[in-house]
Structure formats: C-alpha cells, structure tokens
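As a basis for the values below, the full set of heavy atoms in this structure was taken, side chains included, without hydrogen atoms, waters or symmetry mates. Quick note on labels: first sequence line is chain A, next is B, and so on, each numbered from 1.
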Number of protein chains: 2
Amino acid sequence: MGIVRKTKSVEALLNEFQNNSGAISAIELIKRFNSQFNKTTVYRVLDKLEDDGILHSFLDIKGIKWYAKCNGCSANGHLDTHPHFQCMDCGNVDCLPVEVHIPKISNREVFSSQILLQGICNRCIGSS
Amino acid sequence: MGIVRKTKSVEALLNEFQNNSGAISAIELIKRFNSQFNKTTVYRVLDKLEDDGILHSFLDIKGIKWYAKCNGCSANGHLDTHPHFQCMDCGNVDCLPVEVHIPKISNREVFSSQILLQGICNRCIGSS
DNA sequence: AATTTATTACAACTTAGTTGCAATAACAAA
DNA sequence: TTTGTTATTGCAACTAAGTTGTAATAAATT
Ligand SMILES: [Mn+2]
Ligand SMILES: [Mn+2]
Ligand SMILES: [Zn+2]
Ligand SMILES: [Zn+2]
C-alpha cells in the first residue's frame, strides 16, 4: 500500500526531493531528518512513495539504497528505467536520461536491467 | 596483497569455482564450507583471489556479494567487464559474455559500469 | 628440525535495514 | 467541534552481511 495520509514526514521527504535534482541515499535522509523523524519512519515513507510511483530506488556500488524522483510512473508500475551515475570523487549520484540498448541474451528472458556507471562528475573534474 | 600460500581454504575455494560455471555468492560459499572454514576465512580468501585477478565480484539486486571466475585478468587489473544475469525464479547468477555499449554521457567521465540483468533462465522457463 | 610469518578461528563489532507493538495523529463522520 | 477509526509513528529489539583485532596455527623457507 502507498501513501494514504499527508503526514509531516511525507511532506518533508517530498519537499527534500523537490529541492534536489539528484538522488539521495536513505542514510543521508535519515541524517538530515535525524531530529525530526525516526529512521524507521524514513524507510517506511520512502517505501510507500516508491509504491506510489513517486520515487524509485536503486543500490550503489556499496549496496547502499538511493532514491530519486520518478518521471511518468504510477502505482501501476515504474516505467522510466535508466542508468545511474556515481561520482567516485564526491559520491553524488544522478539519474541519467539516456537509453542503453541491451542485446538479446541467448537462453534467457530479460525483464529488467540495473545499470550503475562510475566516474568523475563535472564539478569534480574542474577541481583537480 | 593476493594469495601467498596454497592453503586448504584456497584450494577448496578454487576447486569450487572450477566445478561451477556460474557465479557463487559469498553467503553460499560460507554455507558450503561451514564445517571446514570460518566465514572470515572465506571472505578473506575471496578478497585475495580477486586481488590476484582470479575471481571478480559484484553485487546482486539485494546488495549481496557474488564471485565468479575471471577470464584474462591479473593482479595488474580486471579487464573482462561484462553484465551479470540473475534468474528471478531460481536465483542463479551468471556472467554474460556480451558487450553492452554505453553511450557518451555529457558532463561526466565514465570509468566503469556495473550491469545486472534480471529475468528468467532457460531451466526455469521450461518448468512453468 | 628450526624459524619465519602468512593464515586462520574466534569473538566481538559495525552498518544498513527490518519487525512488533503500543502510543499518536490524520481525517472522516457525527 | 467532538468523537471514532485506523494509518502512521517512535522506540527498542532484532537481523543479515560483512569487518576487525588478536592469539594460535601451519605453510614454506633455511
Ligand atoms: Mn533514477
Ligand atoms: Mn562475471
Ligand atoms: Zn563529483
Ligand atoms: Zn532460473
């Protein structure tokens, strides 16, 4: 089940993603709202926002969970699949609005793909 | 540092990958060798085999660590990067010997990519 | 056989996330 | 506005995967 009541934690988390174009890790959100909400609440609200097709989640190279805004998804399903990029320098993570073509894989039926790219972001290239 | 001494745990783990074409999770290996080696030993030996370019590792959709044989890698570096496939039915994981082309990403320098595909493997398609 | 030191087992720890449950607060109905 | 229903929350306890420190052990060299 998704969000039913517009509680303070829901509004605060939605607002946080409104003011942020990139992805945010669950851990970072727990830190940010440390004084206002319990970590369990943060995890549970994020989970519901994902159910509703408002946020999507993925794991980074360390297995840490990140969330980012969806685009054109709903409770019926997450449609906008795309790769994610993590800067090895600053650690920031972004959604990449590009298509990656997956070739036909023999002997298997592929339903979804998780793609995580690593490298250096523009801001970190400058500050060498 | 990689492997220096051919100990029993090193031989047992190497042997396990010899007899297995797919990937094996660290957790599964710890279970298999539960009566013979401590889990710390398993983790440390796997780590060294990866340093030596004999095995490579990656995380699955749950953030669990998997290992598989390398092909043409060495202590100087892991060269054979490729996608991995996890069957949503049986949970088996394989290395996919295919090239996935990553398009140029603007404003970022991409160094590496982790690609995890999910779907149904051949054996599981049959048993519907 | 003696020596050196890489490797191991063990226990304790860390980190990220989950679960059960009583107290609280949305929000609809009266 | 007050009341009643129940979704949501905070808290504490727990789980799972992996890491760390260290004394004992066992490869491999002399
Ligand atoms: Mn995204
Ligand atoms: Mn592989
Ligand atoms: Zn950066
Ligand atoms: Zn299968």
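- A donor-acceptor pair is defined here as one N or O able to donate and one able to accept, closer than 3.5 Å; no such pair exists between the side chain of Glu109(B) and the backbone of Ile125(A).
- For the atom pair Thr7(A) OG1 and Arg5(A) CZ, the distance stands at 9.5 Å (nearest 0.5 Å).
- Look at Thr40(A) and you won't find any side-chain N or O under 4.0 angstrom from OP1 or OP2 of dG10(D).
- Within 6.0 Å of atom CG in Asn92(A), more than 12 heavy atoms from other residues, nucleotides or ligands are found, so the atom counts as buried in its surroundings.
- Between Arg44(A) atom CZ and dA7(D) atom P there is a gap of 14 Å when expressed in whole angstrom units.
- Note: Ile61(A) CD1 to Gln86(A) CD = 7.5 Å, rounded to the nearest 0.5 Å.
- Near DNA chain C, meaning a heavy atom under 4.0 Å from it, residues 25-39 of chain B has Gln36(B), Phe37(B), Asn38(B) in order of number.
- For the pair Leu49(A) CG and dT8(D) P, the interatomic distance rounds to 11 Å; values are reported in whole Å.
- A straight line from CG of Leu59(A) to P of dA17(D) spans 14 Å, rounded to a whole angstrom.
- Look at CD1 on Ile64(A): it is 12 Å from P on dG18(D), rounded to the nearest Å.
- As rounded to whole Å, 10 Å separates atom P of dT9(D) from atom CZ of Arg5(A).
- Between the NZ atom of Lys65(B) and the C1' atom of dA16(D) there is a distance of 16 Å, rounded to whole Å.
- Checked against dA27(D), dG18(D), dT20(D), the side chain of Lys8(B) finds its nearest nucleotide in dA27(D).
- The main-chain N or O of Val42(A) is never found under 3.5 Å from a side-chain atom of Arg44(A) such that the two would form a donor-acceptor pair.
- The interatomic distance linking Lys48(B) (NZ) with dT19(D) (P) rounds to 14 Å, in whole Å.
- Taking only side-chain nitrogens and oxygens, Thr7(A) comes nearer than 4.0 Å to OP1 or OP2 of dT9(D).
- In 5' to 3' order, the nucleotides of DNA chain C bounding all contacts with chain A (an atom under 4.0 Å from a heavy atom) are dA16(C) to dC27(C).
- Under the rule for a side-chain hydrogen bond (donor to acceptor under 3.5 Å, both in side chains), the partners of His82(B) that lie at least two apart in sequence or sit in another chain are His56(B), Asp80(B), His84(B).
- Counting non-hydrogen atoms of neighbouring residues, nucleotides and ligands closer than 6.0 angstrom, the CG atom of Asp51(B) exceeds 12 such neighbours.
- With hydrogens and angles disregarded, a donor-acceptor distance shorter than 3.5 Å links the side chain of Lys69(A) to the backbone of Phe17(A).
- Atom CE of Met1(A) is separated from atom P of dT8(D) by 6 Å (rounded to the nearest Å).
- In this structure a side-chain-to-backbone donor-acceptor pair under 3.5 Å is present from Glu50(B) to Ser57(B).
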